[in-house]
Amino acid sequence: MSELYINGGKRLVGEVTINGAKNAAVAILPAALLVDGVSVIENLPYIDDVQKLKRAMEDLGAVATLEDKHTLTVDGSTLFTHKAVNEYVGHIRASYYLIGALLGRFKEAEVAMPGGCDFGGRPIDQHIKGFEALGATVTVEDGVIKAHAEKLVGTDIYLDVVSVGATINVMLAATLAEGTTTIENAAKEPHVVDVANFLNMMGANIKGAGTDVIRIKGVERLNGGRYSTIPDQIEAGTYMMAAAITGGDVYVRNIIPEHMYSVSLKMMEMGITIEEGDDYIHVVAPQKLKATNIKTLPHPGFPTDLQPQMATLLSIAEGTSTIIEGVWDNRFQYIDELKKTGADITVEGRTATVQGVPALHGTSVKATDLRAGAALVLAGLRATDGPMIISNVRFIDRGYEALEEKLTTLGADIIRKN
Ligand code: EPU
């Protein structure tokens with residue numbers, strides 16, 4: 001079992017390059033299964049979730065070859081089964097996209113119930129509502145989701161909650177359906193747009209991605225093509241906050257600054273200087289930060305996937321901050337671990353109140369999920385009193401490529417012990 005050891009208190013200085021977006025990549029790979037030909041997908045992050053999905057696609061019969069660490073060629077023409085029921089499929093959240101893709105391709109799908117980080121309930125009723133509206137029958141038997149349709153026919157679907165997963169999954173299932181599907185109250189996250197752009201590049205007809213109404217005119221077939229995944233908004237935000245928590249001076253490169261607006265503006269409220277370039281953000285942070293309040297919301301609101309990292313940053317800001325989690329029922333499980341480092345945080349329901357403290361100290365903590373792990377890494381970068389020893393690193397490896405290497409280049413003292 002790996003552990004990260006961080007000797008904090010080092011000011012981060014320099015530049016860091018952001019990889020492709022995890023949550024776009026894990027949807028684009030299943031989307032490539034709709035293509036009856038070869039897709040070449042560039043700028044994929046080299047992370048565990050992507051490797052697991054690659055394996056799942058191979059088990060389905062796709063020929064998936066890494067051209068280099070970040071470029072995957074997927075030949076979907078060799079697909080021979082609609083069943084993705086291996087145990088490891090259930091370990092990744094994004095395996096639910098295999099349902100939309102296989103249903104779209106074969107009108108039939110059997111996929112193990114998705115796993116992923118635990119934030120209380122993670123229902124998929126809106127995905128199922130969408131598939132059923134398109135004409136599928138969906139059942140759950142022995143931990144396997146089974147979907148079947150004689151044919152899929154486009155229709156109007158209103159999502160009762162703004163869901164990234166349901167929006168993308170319905171888009172996947174509707175791409176090869178007969179007629180036009182309209183998704184009302186769609187999620188607007190950059191990765192929703194990225195998946196639509198990928199599908200359109202392969203021959204789909206999807207309009208409106210990035211707004212709350214998406215129209216998908218079904219096409220008969222998708223051909224191959226080449227596509228490059230967008231940069232990871234959450235990885236970028238994590239490094240922006242890593243710079244800030246050390247009073248650092250860091251260029252975060254290879255990003256789309258517009259995707260970072262809510263984060264940049266909140267960090268500016270904390271007294272941090274944010275300078276935007278075409279494809280970078282330069283973060284310069286003072287030693288003392290100011291408290292602020294955040295509420296996580298679907299895009300373009302403040303992303304829930306940066307809420308734990310922001311909590312760590314606010315824990316050393318002067319004054320009292322309030323964090324309201326507006327997306328997930330239970331995304332504060334990590335707070336108990338963060339408090340071990342000296343953070344002063346109380347949680348009531350979906351609200352956390354953070355009383356700024358002057359210092360954090362190193363101790364042994366465990367990552368409870370992916371972004372919780374990132375939050376503890378930030379605490380480790382700041383802590384001055386002994387090393388921060390973080391266990392359950394496998395959660396962090398699900399979503400951050402070369403974390404130690406990138407932080408070391410910026411001047412952090414971080415090593416992994418196996
Ligand atoms: N929801 C329902 N019914 C559904 C689907 C969602 O009630 O059928 C609710 C959820 O319970 C939640 C809200 O809707 O309260 C939003 O869920 P959403 O479907 O948008 O989340 P997701 O697709 O399961 C993705 C990301 C998460 C990220 C959320 C919100 C992937 C693989 N995961 O999850 O990312 O937190 O969107 O932006 O794209 C992470 O990267 O650390 C991560 C957890």
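Since this is a predicted model, take the numbers as computed values, not measurements. In listed order, ligands and their atoms are each counted from 1.
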Would you say L370 has any N or O atom under 3.5 Å from an N or O of ligand 1, going by distance alone?
-> no

Salt bridge or not for E58 and R55, using N-O below 4.0 Å?
-> no

Does K22 have a heavy atom less than 4.0 Å from any atom of ligand 1?
-> yes

Under 4.0 Å to a heavy atom of R122 - the qualifying atoms of ligand 1, by number | 22 (P), 24 (O), 34 (O)

Looking only at N/O atoms, are D125 and ligand 1 under 3.5 Å apart anywhere?
-> yes

Within 4.0 Å of some non-hydrogen atom of H127, the atoms of ligand 1 are 8 (O)

At under 4.0 Å between heavy atoms, which part of F395 makes contact with ligand 1: side chain, backbone, both or neither?
-> neither

May I ask whether E325 places a heavy atom under 4.0 Å from ligand 1?
-> no

For A27 and V195, the nearest pair of non-hydrogen atoms, with its separation, is CB-CG2, 3.5 Å

Ion pair check, D36 and R105, cut-off under 4.0 Å = yes

Going by the order shown, which atoms of ligand 1 are within less than 4.0 Å of some heavy atom of G165?
-> 19 (O), 23 (O)

Shortest non-hydrogen separation from I145 to P114 and the atoms involved | CD1-CD, 3.9 Å

Going by distance only, is there an N or O of H191 that falls short of 3.5 Å from an N or O of ligand 1?
-> no

Pick whichever of N23, L159, T304, T296 has a heavy atom sitting closest to atom 39 (O) of ligand 1.
-> N23

Under 4.0 Å to a heavy atom of S163 - the qualifying atoms of ligand 1, by number = 5 (C), 6 (C), 18 (P), 19 (O), 20 (O)

Element-labelled atoms of ligand 1 that are located less than 4.0 Å from some non-hydrogen atom of R331 = 36 (O), 42 (O), 44 (C)

Short N-O contact, D279 and R253, less than 4.0 angstrom | no

Considering the heavy atoms of I124, write down every atom of ligand 1 situated less than 4.0 Å from one of them.
-> 4 (C), 8 (O)

Atom pair CZ (R382) and CD1 (I245), whose distance is rounded to the nearest 0.5 Å = 6.5 Å

Closest approach of L222 and G203, non-hydrogen atoms and distance?
-> CD2-C, 3.7 Å

Judged by heavy atoms only, the candidate from D305, I168, I234 nearest atom 43 (C) of ligand 1 is D305

Taking heavy atoms and a distance under 4.0 Å, where does Q126 meet ligand 1: side chain, backbone, both or neither?
-> both

Should V164 be counted as touching ligand 1, given the test is an N or O pair under 3.5 Å?
-> yes

N-O pairing of K266 and E269 below 4.0 Å = yes

Just wondering, do S364 and S391 contact through their side chains at under 4.5 Å, heavy atoms?
-> no

Output all residues satisfying side-chain contact (heavy atoms from CB on, under 4.5 Å) with I324, sequence neighbours left out; order by chain, then residue number.
-> K295, T322, T351

Would you mind listing which atoms of ligand 1 come within a distance below 4.0 Å of any non-hydrogen atom of R93?
-> 24 (O)

For the atom pair CD (E325) and CD1 (I294), what is the distance rounded to the nearest 0.5 Å?
-> 8.5 Å

Would you mind listing which atoms of ligand 1 come within a distance below 4.0 Å of any non-hydrogen atom of V327?
-> 12 (C), 13 (C), 15 (O), 16 (C)

Can you tell if the side chain of R371 reaches within under 4.5 Å of the side chain of Y400, non-hydrogen atoms only?
-> yes

Any non-hydrogen atom of P123 lying under 4.0 Å from ligand 1?
-> yes

